[in-house]
2 protein chains.
Amino acid sequence: MRRWNGWGDSSNEYPLKSSGLRFLQSRLGGATPLQDAELATVIATVPDTRLPAHPLIQTDPEIRVRHARGQSLPDWLAMRSGDFGHFPDGVAEPENSEQVRELLDWAAEQNIILIPYGGGTSVAGHINPQPGDKPVLTLSLARMNTLLDLDRESQIATFGAGTPGPLLEQQLKEKGYTLGHFPQSWELSTVGGWVASRSSGQQSMRYGRIEQMFAGGRMETPRGTLNIPAIPASSAGPDIREIVLGSEGRLGIITEVKVRVTPLPELETFQVAFAPNWDVAVELVRSLTQSRLPLSMLRVSNAEETRTHLTLAGHEKLVSLLHRYLSVRGCGERKCMITFGVTGEKNQSKQTLAACKRRIRAAGGVMVGELLGRKWEESRFRSPYLRHGLWEHGYVVDTFETAVNWNQVTPAMTAMEQAVRDNAGNGEAVHVFTHLSHLYPQGSSIYTTYVFRCSDSYEKTLQRWQAIKNAAGDAIVAHGGTISHQHGVGRDHAPWLKHEKGQQGMAILEELIHAMDPRKQLNPGCLIQDDSETATL
Amino acid sequence: MRRWNGWGDSSNEYPLKSSGLRFLQSRLGGATPLQDAELATVIATVPDTRLPAHPLIQTDPEIRVRHARGQSLPDWLAMRSGDFGHFPDGVAEPENSEQVRELLDWAAEQNIILIPYGGGTSVAGHINPQPGDKPVLTLSLARMNTLLDLDRESQIATFGAGTPGPLLEQQLKEKGYTLGHFPQSWELSTVGGWVASRSSGQQSMRYGRIEQMFAGGRMETPRGTLNIPAIPASSAGPDIREIVLGSEGRLGIITEVKVRVTPLPELETFQVAFAPNWDVAVELVRSLTQSRLPLSMLRVSNAEETRTHLTLAGHEKLVSLLHRYLSVRGCGERKCMITFGVTGEKNQSKQTLAACKRRIRAAGGVMVGELLGRKWEESRFRSPYLRHGLWEHGYVVDTFETAVNWNQVTPAMTAMEQAVRDNAGNGEAVHVFTHLSHLYPQGSSIYTTYVFRCSDSYEKTLQRWQAIKNAAGDAIVAHGGTISHQHGVGRDHAPWLKHEKGQQGMAILEELIHAMDPRKQLNPGCLIQDDSETATL
């Protein structure tokens with residue numbers, strides 16, 4: 001069963017290996033875990049619902065607990081402490097667009113706040129009920145999870161918006177197709193959520209971001225139904241798709257999504273190489289990306305992430321051999337791991353693979369064969385579980401990310417990491433490392449992970465996190481980065497949005513929301529910090 | 001000097017060859033040209049300006065004549081007849097964003113309508129002054145035509161919005177770069193115009209549509225300056241770029257454009273093949289496109305277009321030899337010409353070329369070498385001149401276009417052509433032919449050209465065109481096509497926009513315009529037929 005207070009199914013466990021624990025202890029000092037709350041205790045804190053009865057709405061406390069929080073660090077601390085803050089007054093799980101429409105109209109009559117809920121995987125506070133006088137209904141799309149149509153000739157599949165990654169790929173695979181959207185949240189996140197938050201998957205180099213996959217669909221808005229036809233390309237005015245993308249539940253509820261799919265690839269391989277240091281690694285991946293070589297995936301870890309990954313992987317003897325081999329080949333302490341993927345038609349893929357290896361070697365990189373690539377593939381969705389393994393030992397892990405142009409990649413990364421190191425308070429050490437995982441000819445995403453010790457209370461642990469988060473957000477916007485490359489804005493990133501969009505850009509977003517949802521019943525406070533809401537919160 | 005009443009520089013002449021004339025006469029019957037007006041006669045019809053004096057504004061009649069019309073068929077008839085309808089009251093040619101800002105603020109104070117003007121190449125009535133009580137100022141970006149910045153590392157170039165195609169490529173070429181945006185209007189159209197109208201170029205398969213190139217920039221709006229930062233990708237809410245794209249002067253005046261550029265390619269080749277018939281040709285180009293083979297260009301002409309092009313090309317003996325050769329190889333009367341391009345790094349391009357040729361031959365196509373490909377390249381921007389050559393003999397040519405999913409390509413094309421044939425009135429023949437020139441895994445653009453005889457007056461010739469245009473627009477939306485794949489909406493396509501955007505989509509566009517330009521001073525009637533405007537027109 002899915003965990004009520006953490007990531008994934010409770011049968012999936014990935015405890016921290018002893019080599020990893022020793023490594024963290026050496027970096028951060030020993031740590032003491034905080035006490036977890038029990039589900040029964042939390043259920044007992046759920047207040048009576050304020051919702052009128054409705055046949056599509058469930059109001060029992062457990063379902064309200066299970067839909068109250070996402071997967072941000074504040075969410076985690078809330079769930080582990082048992083201090084949830086606010087719960088939805090009820091949860092509806094409609095089966096089709098018509099029931100969504102019915103609930104939307106009913107909510108308008110009853111003056112109820114609606115929060116659309118996909119997989120509940122937000123790491124930015126997208127789905128958290130806010131305090132206020134109005135009852136809050138969380139509208140889960142979980143039951144709208146099937147392939148509704150497949151146009152093979154045009155390679156367009158239509159899905160219910162609540163279809164999660166594995167179910168989506170499974171239904172496509174049966175027909176010989178794939179979408180190829182693999183965010184780290186893939187096990188739980190949904191196609192509607194990907195659209196609403198402008199998600200990006202690990203193989204975006206081949207398949208594109210969700211923006212390139214999203215061909216059209218249906219959104220129920222307070223003003224009526226918005227149908228977006230699937231047209232290959234259009235010059236007919238501003239693109240409505242691009243307004244729905246990233247709308248984070250504020251303009252309407254996405255109920256059906258048409259996506260561009262492709263036949264299953266003939267060949268797919270992931271490979272690992274090492275570069276002697278960061279500067280060589282970045283120059284290499286930039287030149288690979290700008291060469292337009294059709295890779296499906298490319299990522300590079302900085303030296304600290306490379307060291308951390310190899311240590312946390314266990315297999316101490318093998319890893320030690322690897323270090324020695326790489327050292328002889330010129331990749332020592334400062335080495336950086338590069339992982340890349342090739343996916344597609346057989347001949348073309350083989351040519352691409354050969355060309356990529358040539359370029360890596362010419363740039364001073366060292367190929368290490370497919371084994372580490374397969375390891376990456378096996379564990380590609382495992383990172384979210386890491387928080388569990390660390391937590392048990394008193395450590396907290398979180399991540400943040402941005403994208404900047406190439407001329408800012410290294411300065412931004414350096415500043416982001418330094419902001420983390422400098423802001424845990426009282427000289428507390430933080431272990432921080434970074435990778436680039438979505439590379440574009442123009443620039444790259446930057447994804448930073450950091451681990452710190454729990455403080456002696458939940459409240460102080462949250463404060464430690466908040467200080468780091470604030471400093472990281474400031475460092476990002478100071479370097480011209482987006483406030484989020486792949487996680488969306490939610491409530492946690494909203495304070496920085498104005499730096500990216502500017503005054504007029506913010507005005508456009510506010511007007512859009514006002515136009516579609518003048519009474520601000522849809523997910524208020526998400527994406528845009530409405531003045532009126534800020535006042536009431 | 002640029003023609004005041006037609007396309008391009010007056011030194012460029014491409015008269016109709018005798019074989020082409022005979023061919024059209026056999027299809028349509030003999031025709032009688034209409035009488036052209038003289039520039040001096042038109043200048044004499046220009047009324048006094050209604051604008052207050054302003055140091056940045058010119059009001060002499062000739063400049064007002066030269067900025068009154070675009071390049072649509074109604075524009076052509078207006079210019080040739082000398083009956084222009086309406087003129088702008090003046091033309092400003094600001095040199096920088098600050099002067100645009102000054103004019104915008106001044107226009108607000110003085111209650112003046114502003115029409116942004118790039119290259120004046122619209123074929124959909126984007127820049128035509130409308131009747132009304134308020135004075136009209138056309139704001140030409142012509143003097144903002146330089147490369148302002150080049151970030152080589154991030155491959156981002158910043159241009160003044162009024163930079164036309166040749167000047168843009170020349171400035172980039174000097175630095176070793178290209179944008180690669182080559183619409184047929186390239187000789188005259190501007191980078192700001194491409195953004196404002198969501199243009200697509202002939203090599204969009206490699207370089208993308210202008211949407212993929214446009215990284216950010218600056219727009220002066222009635223509310224203030226909108227700066228869009230150039231970020232490689234972002235999940236932070238709806239994309240403001242995608243609201244500026246296609247805004248057609250209604251939200252503000254684009255003054256600076258940041259575009260994604262690439263180093264000049266090592267290799268570029270265009271090649272021609274033939275397929276025995278349309279069905280084989282479409283299946284072949286669809287499979288090529290869906291294979292993701294990195295071609296830079298791909299187009300296919302239907303049998304009638306193939307026949308017409310080969311006949312109009314002249315070189316009767318050579319063409320006759322070609323027909324015989326192809327006939328022996330199985331490509332007879334119904335043959336369709338396929339043109340494709342490969343552009344990029346040398347080795348990769350050679351592999352792509354070889355793979356493409358293999359696929360063409362395997363599908364029953366016949367390669368005919370590079371000569372015809374080079375011919376296409378030489379004449380790639382020549383089509384707009386064709387109107388001149390035909391007009392002298394009493395024939396009128398126009399085009400329209402859409403994009404549909406693959407499952408609609410042939411039905412839509414058939415219906416579009418039939419709509420043209422059936423609607424010239426009184427059994428008048430129309431010569432109509434079609435190509436697909438922007439191919440996507442999801443579907444394709446459809447570009448139809450038609451030639452008909454002038455009637456015995458300008459008025460009746462315009463009526464003949466209007467009947468065809470209306471029927472074509474209806475056929476497009478009946479097949480789920482976009483009302484424009486690459487020409488924008490303007491005023492000519494606005495009546496059909498609601499079919500593509502739907503009621504809620506239209507509401508979003510109306511709200512955006514209202515939010516940015518509440519007094520409707522920017523290009524009213526373009527893109528959206530405002531109720532209030534419709535009433536006053």
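Below, chains carry the letters A, B, ... as their sequence lines are ordered, and counting in each starts from 1.
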Test log, rule side-chain contact (heavy atoms from CB on, under 4.5 Å), inputs B/S235 and A/R209
CA-CA 10 Å; B/S235 70; A/R209 296 168 58 85; 3.9 Å; yes
Between A/E242 and B/R241, is a side-chain contact (heavy atoms from CB on, under 4.5 Å) present by the stated rule, with each step listed?
CA-CA 9 Å; A/E242 294 278 356; B/R241 286 181 316 115; 5.8 Å; no
Evaluate the side-chain contact (heavy atoms from CB on, under 4.5 Å) criterion for residues A/E153 and B/R286: first the C-alpha distance (whole Å), next the side-chain angles of each, then the deciding distance (0.1 Å), finally the verdict.
CA-CA 9 Å; A/E153 203 175 345; B/R286 177 170 77 90; 3.7 Å; yes
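Within the 4.5 angstrom heavy-atom criterion, no atom of B/A355 approaches chain A. Looking at B/T225, only its backbone comes within 4.5 Å of chain A, counting heavy atoms on both sides. Interface residue B/E211: only side-chain heavy atoms are found under 4.5 Å from chain A. Within the 4.5 angstrom heavy-atom criterion, atoms from both the backbone and the side chain of B/L293 approach chain A. Only the side chain of B/T221 comes within contact range of chain A, with at least one heavy atom under 4.5 Å from a heavy atom of that chain.
Note that the NZ atom of A/K501 and the CG atom of B/N227 stand 13.5 Å from one another [nearest 0.5 Å]. Here the CD atom belonging to B/Q408 is positioned 9.0 Å from the CG atom belonging to A/D151, to the nearest 0.5 angstrom. Here the CZ-CG distance, from A/R358 to B/N347, works out to 6.5 Å after rounding to the nearest 0.5 Å. Put simply, CD on B/Q351 and NZ on A/K350 are 13.0 Å apart, with the number rounded to the nearest 0.5 Å. Taking CD1 of B/I156 as the reference point, atom CG of A/N407 lies at 9.5 Å (rounded to 0.5 Å). With values rounded to the nearest 0.5 angstrom, B/Q504 atom CD is found 5.5 Å from A/R223 atom CZ.
Residues A/E511 and B/M516 form no side-chain contact, since every pair of their non-hydrogen atoms from C-beta on lies 4.5 Å or further apart. Residues A/Q348 and B/P294 are in side-chain contact: their nearest non-hydrogen atoms beyond the backbone lie under 4.5 Å apart. Two residues are said to be in side-chain contact when any heavy atoms from C-beta on lie closer than 4.5 Å; B/E500 and A/S234 meet this criterion. Looking only at side-chain heavy atoms (C-beta outward), B/I508 and A/L251 stay at 4.5 Å or farther from each other.
Taking all atoms of both residues into account, the shortest heavy-atom contact from B/G481 to A/I231 is C-CD1, 4.1 Å. What you find for A/A233 and B/A403 is that their closest heavy atoms are O-CB, 3.5 Å.
Interface summary for chain A: among B/R206, B/Q442, B/Q486, the most heavy-atom pairs under 4.5 angstrom belong to B/Q442.
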